[in-house]
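Any value given below was found using the heavy atoms of this structure, including those in side chains, with hydrogens, waters and symmetry copies removed. We count ligands from 1, going down the list as the structure has it; atoms in each ligand are counted the same way.
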Amino acid sequence: MSKDQKQYSELQGGVGRAVHFRTERFRSRALLGELSPELWVGDARARLYDVSMNGLSFYVPPSEAPGDGLEVPIRLLLDGEEGFRGSARVVRTDVEGGLVKIGATIVSGFIDIPRLVSLHDNAAFERSVSAGSRRYSSVPADYSASVHAASVFLAHWSRLLDERERRLVDDGASPEAVLRLELRLEEQMRREWREVRARANETSRVCYEDAATLLAAKRLTELLVTPQLRVAPLWWDAYTKPLGYPGDFRMMTYMYESDRRGDTMFGRIMHQLGREERLAWTVTSRKELMLEQLARAIRATQGEGPVRIASLASGPAREIQEFLERYDGSRRLEFTLIDQDDRALSYAYERLIRASARLGDRVRVTCLFTSFRQLIGNPELLEQLGNHDFIYSAGFFDYLDAATASRVAENCMKLVRPGGRGLFGNAAVSDDVHWVPEFVLDWRLTLRTRDELVAAMPTKGISSVEPLADASDAWHFVELTRSA
Ligand SMILES: C[S@@+](CC[C@H](N)C(=O)[O-])C[C@H]1O[C@@H](n2cnc3c(N)ncnc32)[C@H](O)[C@@H]1O
């Protein structure tokens, strides 16, 4: 993962920037992905989770956990080189899966992030130089064979199709003739690709057994498979993350819209096969579920006043757009879109205003350019945002660890009126979905079982917790009702 790429828990919106400054946080695996940093908290070894210029968080076993408010000595090393030495005060403690996650603020000096990055990059470079191409030798043989098969598939078809396309262009073939051929070849490639990816999914499972094997296997895939997908927009944007984080609104649009994108036949076919990847293909059935839930929220809200609905991490807000395109205006609606990316908000806002233009003042859309972190740290904003009838989030919890997911759900429910509902979704655990995102696209998702998602939900002040699934079963949702 490139260090320019951000994790969802560290993305910052705009409100926070304006209201109070907070330094950027980096997940350790995004910043220092190739090497495991060595973190010492006093005499105890800890696992670094994230780091910013003036703070860090880490995991320790319960027996080693320093108490709240305590000042502790911190030492951070990379490949034996000291990256930081100082002390930090414990400001937050969460229990997570048998470990304690500590949040601490630096009290002496600061963490020099660019220096950490450069220490990391130099050490990683030297390791790669001394390992040479043997760095891939720990990749399990079955998985290497799958990578080889995928690479041969891509090389074979791109060459064949590119040659044919050049010939067709030279012969002055019509766009219709090119499309006919493209669709025929797509059928053939789809069958073969499904076998290739099924085998890669299957053989990649063993790579998770240890971190070094996983890293070597991912790097091998990025070396041999990913670059061959450069001409297929969905794959290449998913890998390079041009907006700096995975799953941006443009990527979501690739998934929601069936346009054939790409400059070559091969690129367009692979773009389409990328759309058919399970977690991409099923965003439309996830959207259908949200459409139903929007209608339900309106039916369930009594009284004459507007129905207030908020979407957290709203992205392109496609479901609201489609909902408004069909809405009869019988109730006044107020939507609040919350996202850390103002480009996503402008994209969505423009479409929602168009979709509701005929309804005049029956529909109001407000955009909040902020991250959930800033939102929950800002009592004034929380106050303004209270009393929603329904708040929901899809395509967001998949990027959060359990403690953060719980905190987000808990805070979202504070924005809901008594008797109102929250709905939170997460990609479901499944054997056949990890190879493409994790290995080919370096796009890490936290898949959850239904029970894991339910377990991450708050219970205090909640009168019911109901699991739901979309028609594809690729996504789990949990519906929470706030006690009346
Ligand atoms: C995968 S998209 C999902 C969008 C939309 N909910 C959907 O289902 O189409 C995730 C969105 O979460 C936003 N996001 C990521 N981290 C965030 C944060 N910390 N606070 C608010 N929004 C965030 C991103 O900007 C992006 O628009």
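- Remark: ligand 1 atoms within the under-4.0 Å shell around heavy atoms of Tyr256 are 7 (C), 8 (O), 9 (O).
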Step-by-step ring-ring contact (aromatic ring centres under 6.0 Å, His included) determination, Phe372 to Phe396: CA-CA 11 Å; Phe372 77 87; Phe396 184 46; 5.6 Å; yes

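- Atom numbering of ligand 1 starts at 1 in the shown order; those under 4.0 Å from a heavy atom of Asp341 are 25 (O).
- For the pair Arg47 and Phe58, the cation does not sit on the ring face, since its NZ or CZ is not both under 6.0 Å from the ring centre and inside 45° of the axis.
- Taking the six-membered ring where tryptophan is involved, the planes of Tyr208 and Phe439 are perpendicular, since the angle between them exceeds 60° and thus also 30°.
- Residue Gln340 places at least one N or O, backbone or side chain, under 3.5 Å from an N or O of ligand 1.
- Annotation: side chain of Thr404 is not in contact with side chain of Phe397 (no heavy-atom distance under 4.5 Å).
- For the residues Ser314, Gly244, Pro246, Ser311, the heavy atom positioned nearest atom 5 (C) of ligand 1 is part of Ser314.
- Within a 6.0 Å sphere centred on CZ of Arg364, heavy atoms belonging to other residues, nucleotides or ligands number 12 at most.
- Within the structure, ligand 1 has Asp339 among the residues with a heavy atom less than 4.0 angstrom away.
- Every N/O-N/O distance between Pro316 and ligand 1 stays at or above 3.5 Å.
- Set against the non-hydrogen atoms of Gly395, the atoms of ligand 1 under 4.0 Å away are 1 (C), 2 (S), 3 (C), 10 (C).
- Ligand-side atoms of ligand 1 in range of Gly315: 4 (C), 27 (O), range being under 4.0 angstrom from any heavy atom.
- When only modelled atom types and interatomic distance are considered, Ser57 and Asp50 share a side-chain donor-acceptor pair under 3.5 Å.
- Distances from ligand 1 to the non-hydrogen atoms of Met251 include no value under 4.0 Å.
- For Ala344, no nitrogen or oxygen atom sits less than 3.5 Å from a nitrogen or oxygen atom of ligand 1, counting backbone and side chain alike.
- Contact annotation for Lys287 and ligand 1: no heavy atom of the residue comes within less than 4.0 Å of the ligand.
- Of the charged side-chain nitrogens involved, none lies within less than 4.0 Å of a carboxylate oxygen, so that Glu186 and Arg268 do not count as a salt-bridged pair.
- Checked by distance only, ligand 1 and Arg286 come closer than 3.5 Å through their nitrogen or oxygen atoms.
- With a heavy-atom cut-off of 4.0 Å, Thr370 touches ligand 1 through its backbone alone.
- Here Leu447 contributes atom CG and Glu452 contributes atom CD; the two are 9.5 Å apart, rounded to the nearest 0.5 Å.
- Phe249 does not count as a contact of ligand 1, since none of its heavy atoms falls under 4.0 Å from the ligand.
- Using a 4.0 angstrom heavy-atom cutoff, Met252 counts as in contact with ligand 1.
- Classification of the Trp236-Tyr239 ring pair by plane angle, with boundaries at 30° and 60°, yields tilted.
- Evaluation of the side-chain hydrogen bond (donor to acceptor under 3.5 Å, both in side chains) rule for Ser204 yields His434 as partners, not counting sequence neighbours.
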